[in-house]
Engineer: 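The structure follows.
Only a predicted model underlies this, so the values are computations on that prediction, with no experimental measurement involved.
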Amino acid sequence: MLLSEKQITQLKRRVRETPHPREMILDVLHAIQDANGWVSDEGVELAAIILGLSPLQVEEVATFYDKIYRRPVGRKVIHICDSICCWSRGSEALMQRLQQLLGIAAGETTIDGMFTLLPTCCLGACADAPALRIGKTLYGKVAIEQLEAILDGERTEVSS
Amino acid sequence: MPTLIIDNQTVTVPEGTNVLEAAKRLGIEIPHFCHHEALGSVGACRLCAVEFREGPVKGIQMSCMVPAKDGMVVDTGSAEVLAYRAQVIEWLMTNHPHDCPVCDEGGECQLQDMTVAGGHGIRRYTGPKRTYQNQNLGPFIAHEMNRCIQCYRCVRTYQDYCGGTDFGVLGSRQRLYFGRFSDGPLESPFAGNLIDVCPTGVLTDKTYRFKSRIWDLQEAPSICPHCSLGCAVTPGARYRQLQRRRARTNNRTNGHFICDRGRFGYGYANHPDRPRYPLLGHRRVTWQEALAALQNKLQELGELFGPGSIGLLTSSRATLETQFLTKRWAAALGSDQLCFEAHPGRDLGARVAASQRLDRTASLEDVRNCDLAVLIGADPLSEAPMLALALRQAARRGARIVVVDPRPVELPLAYERHAVSVEKLGQLLRGLSRPQQSEFPSSMEELGGSLASALLAAKSPLLIGGTDLLGPQGTEAMQQAAEACSQPETPCRTMFLLAGPNSFGGALLSAEGPCFSSLLEGMEQGRIKALLCFEADPLADYPDRKRSRAALARLDMLAVFDCAATATLQEADLFFPTTAVEESTGTLINNEGRMQAFEQVFSAGTPLAESAGGSHPPRFFSRDIPGSEPQSAWGILGALMGRSADLLTLRSEIEKNDHRFAGLSQLEARGEGRRIAAPRQYSLSHQPNISGIMGSDQLQLLVTETLYGSELLSNLSSCLHESTPSAFVMLHPQDAARFKLEEGKKVLLGTPVGDLTLTLRIAGDMVPGMAIVPRLRGTVLEPLVPGTEPLPCRIEKA
Ligand code: SF4
Ligand code: SF4
Ligand code: FES
Ligand code: FES
């Protein structure tokens with residue numbers, strides 16, 4: 001079960017109430033992602049049924065946004081911005097350091113299934129560059145020395 | 001009307017025209033990818049850059065995105081512009097494979113043209129290229145994503161123009177992917193247009209894959225013969241094989257696109273069972289022998305029984321030239337037993353339809369521009385596919401589309417549906433013809449009243465009907481309704497869907513002549529001894545096959561002239577092979593009375609692929625071209641009448657003889673065709689009335705056309721077989737429950753032609769009390785023909 005019957009009924013009701021069901025695509029995908037960690041092919045198909053759209057119409061949106069995960073990811077996804085402001089403020093070094101600390105390359109997941117490391121194109125936090133996002137927490141003005149502590153904090157937050 | 005200067009030439013264009021189109025009017029072709037006349041501009045490819053020297057905008061801009069304005073001075077070829085375009089091309093080419101020789105688009109590729117035009121001859125980029133996995137998109141379209149240049153034409157065509165929902169654009173930025181959610185056949189019946197719009201080799205014709213380069217193809221402007229709309233097409237042939245069809249532009253009819261039945265229905269011309277030489281009995285004979293046998297027999301019969309013993313039949317597949325000469329020959333023989341359609345209902349329906357005032361007759365262009373279309377008894381995707389696409393364009397501009405039909409009519413657009421039984425369609429139309437009195441059947445007062453006022457209020461309203469469901473009476477009622485719902489400034493036009501590509505021509509020529517039932521009567525009574533069928537298949541098309549079979553069996557001579565192995569051919573005493581549309585010239589009159597000439601694409605002959613038995617070049621040689629005996633039906637008729645076979649002379653004669661065909665001799669196949677000069681005269685008074693309504697407990701059987709499998713010629717095209725459904729029957733859920741039947745299970749349908757085992761489909765949006773079956777040739781449903789009164793039937797578990 002990707003979503004409970006109750007969730008499905010609720011989402012369907014919300015879809016009915018919106019004039020344009022397409023507006024609800026992201027909400028439905030997020031619901032599925034929150035419940036499962038990522039959105040599988042079956043997840044896209046379920047979303048299509050809930051929305052009354054074709055799977056392709058859902059997939060167009062799902063694959064456009066990099067915060068919708070169409071492949072399994074770790075418990076927390078690290079999105080590190082590689083766009084212009086962050087790049088000019090040293091994001092390349094951050095990315096390298098993260099890879100070292102986690103022992104994985106960009107796009108990979110740590111062996112313990114904790115973190116997936118992904119570059120992203122602007123988190124909308126350009127004023128606080130360099131920026132990264134772990135799970136739903138945004139970190140701005142990140143210094144290379146802070147990275148270890150940030151990762152530790154994120155790890156313990158999960159275990160606690 | 002802004003006036004501007006482009007490359008030192010002045011041009012005045014309508015407000016809203018963009019600079020790219022304005023330049024085109026001067027004959028200046030600005031290189032472009034993403035702009036398309038039918039799809040509009042999106043400014044995505046950056047190739048159409050021009051330099052604005054004077055006027056409201058300055059500098060380099062995309063010509064497709066800038067509306068022409070007074071005072072603009074534009075340079076399309078300045079050094080800076082050329083350098084810009086060269087860069088765009090180079091950048092588009094960074095990911096593109098360097099293998100045009102193995103790409104099927106090669107030779108007709110816009111990217112090749114633009115790369116050469118842009119002067120990008122040497123690749124500087126040496127990095128890795130983006131690569132993709134391709135998808136299997138079904139039988140029609142090959143997919144090679146590595147060749148994509150992200151112009152978005154395919155998505156705009158498929159989703160926006162055609163209303164498809166299963167093909168689109170995935171990903172973002174450098175990861176764009178144009179395809180489906182997963183492998184599988186494209187669902188839209190207009191998917192083939194992707195082949196024409198994709199400017200590179202991503203989306204190409206799978207049925208034509210690796211067969212020819214365009215410069216090796218024989219091509220000529222032609223007309224699609226697979227329904228009554230007469231869309232413009234360009235077929236291509238090579239090695240005596242018809243290899244493909246693509247859309248041709250006619251802004252009055254199909255616009256830029258065609259349907260998949262039209263595009264992939266071409267295979268009939270290459271069919272391995274196509275009869276290619278004259279037959280006497282079942283023996284192959286020469287043309288001379290066959291013609292002599294025919295003449296002798298006709299003379300003998302004429303002398304013994306009089307000229308009335310010879311019946312002549314043509315069909316909606318025959319060209320105007322063939323129909324005309326058949327009529328001439330009948331006159332020369334002295335026989336009045338001549339008929340232009342083997343199906344009496346369709347015959348009379350077309351005669352009524354062809355009597356509509358021309359200023360009240362809608363073209364597909366009018367459909368695209370209407371603001372209200374009410375379809376009563378018309379199923380576009382089955383009976384005239386491109387009509388569905390035209391309606392979609394109207395809907396995209398805000399038109400209201402209403403469907404009133406007993407069948408579960410589907411359309412690729414948002415529309416209103418009213419499931420209404422066949423009898424009530426007629427009553428609704430009669431009510432609409434007296435809108436002020438609102439005399440609608442009790443259950444339909446609301447619908448009828450609202451439609452009447454909407455039709456009266458609309459600016460360009462349309463009534464659309466299929467003659468199969470409306471019948472002659474309903475067709476006439478629709479004309480009266482249109483008349484009654486017309487205002488001086490806002491006429492309500494009609495469009496009728498007819499049986500075939502030249503139903504209209506036959507309807508014009510038939511005058512008050514007999515319909516095929518009376519010819520059958522003549523055969524049954526022994527008055528008619530010979531029947532000559534010119535591209536007509538009475539056995540398959542007359543609704544009562546038992547009767548037609550028995551009547552044909554009584555003939556002394558059945559002579560068939562055709563290009564397909566029809567049911568009637570099996571019974572023929574004499575057979576003469578005729579050419580396929582693409583192998584000859586002629587004229588077809590579409591359902592709005594538009595005469596359209598077509599040119600010869602190639603000469604008839606057994607495809608080399610077949611005659612050489614798979615080895616090429618062929619290993620034996622002869623002077624004769626194998627399988628090249630077919631001749632145009634009008635050519636054969638000319639020979640039989642001992643007259644010259646010159647087409648121009650013939651066309652001049654037709655137009656002199658009948659002023660309605662004025663302009664025929666000047667008709668250009670490349671043009672937009674020409675409306676006939678006047679409709680036919682017709683009064684329906686002497687026709688029988690629609691029969692009574694059956695008991696409510698009984699199921700009525702309705703036979704209807706379907707997209708693939710109904711039309712004779714396209715059904716012979718092997719590339720459509722994968723898409724043709726197997727035999728099924730549709731029931732309303734209420735009836736399925738009443739008879740305790742389940743979706744997808746086998747059921748037994750008791751019909752006048754026997755008990756048939758069919759798969760059940762349940763359709764919630766059809767009218768209850770009815771069993772609907774498609775006309776499907778080559779299946780158990782074959783003997784059931786549309787265009788008749790609903791038949792009684794019963795249904796049970798198999
Ligand atoms: S597949 Fe063809 S039409 Fe579609 S974006 Fe790519 S190049 Fe353009
Ligand atoms: S709509 Fe009719 S005429 Fe046009 S392409 Fe399709 S089958 Fe041919
Ligand atoms: S550039 Fe990094 S957050 Fe915007
Ligand atoms: S045609 Fe103008 S940007 Fe593509």
Engineer: Under 6.0 Å from the CD atom of E743(B), do we count more than 12 heavy atoms belonging to anything else shown?
Structural biologist: yes
Engineer: Just checking heavy atoms, which of residues 78-92 of chain A are less than 4.5 Å from chain B?
Structural biologist: none
Engineer: Is it the case that more than 12 heavy atoms not belonging to K129(B) sit under 6.0 Å from its NZ atom?
Structural biologist: yes
Engineer: Can you list the residues of residues 37-54 of chain A that sit under 4.5 Å from chain B, counting heavy atoms only?
Structural biologist: D41(A), V44(A), E45(A), S54(A)
Engineer: Other residues, nucleotides and ligands only: do more than 12 of their heavy atoms fall within 6.0 Å of OH on Y65(A)?
Structural biologist: no
Engineer: Atom CZ of residue position R417(B) - does it have more than 12 heavy atoms of other residues, nucleotides or ligands inside 6.0 Å?
Structural biologist: yes
Engineer: Count the heavy atoms of every other residue, nucleotide or ligand shown that sit under 6.0 Å from CD of Q146(A), and state whether that count exceeds 12.
Structural biologist: yes
Engineer: Might you confirm whether atom CD of E17(A) has over 12 heavy atoms from other residues, nucleotides or ligands at distances under 6.0 Å?
Structural biologist: yes
Engineer: Hey, is CD on E148(A) packed in by over 12 heavy atoms from elsewhere, all under 6.0 Å?
Structural biologist: no
Engineer: Provide the closest heavy-atom pair for L170(B) versus L56(A) in the form atom of the first, atom of the second, distance.
Structural biologist: CD2-CD2, 3.7 Å
Engineer: Between G171(B) and F64(A), what is the shortest heavy-atom contact and its length?
Structural biologist: O-CD1, 3.7 Å
Engineer: Heavy-atom cut-off 4.5 Å, strictly under: side chain, backbone, both or neither for F167(B) against chain A?
Structural biologist: backbone
Engineer: Highest number of heavy-atom pairs under 4.5 Å with chain B: which of C121(A), A62(A), P55(A)?
Structural biologist: P55(A)
Engineer: Once salt bridge (Lys or Arg N to Asp or Glu O under 4.0 Å) is applied, what residue pairs with a partner in residues 160-174 of chain B remain, sequence neighbours excluded?
Structural biologist: D166(B)-R180(B)
Engineer: Using a heavy-atom distance cut-off of less than 4.5 Å, which residues of residues 127-136 of chain A contact chain B?
Structural biologist: none
Engineer: Look at atom CD of Q99(A) and say whether more than 12 heavy atoms of other residues, nucleotides or ligands are closer to it than 6.0 Å.
Structural biologist: yes
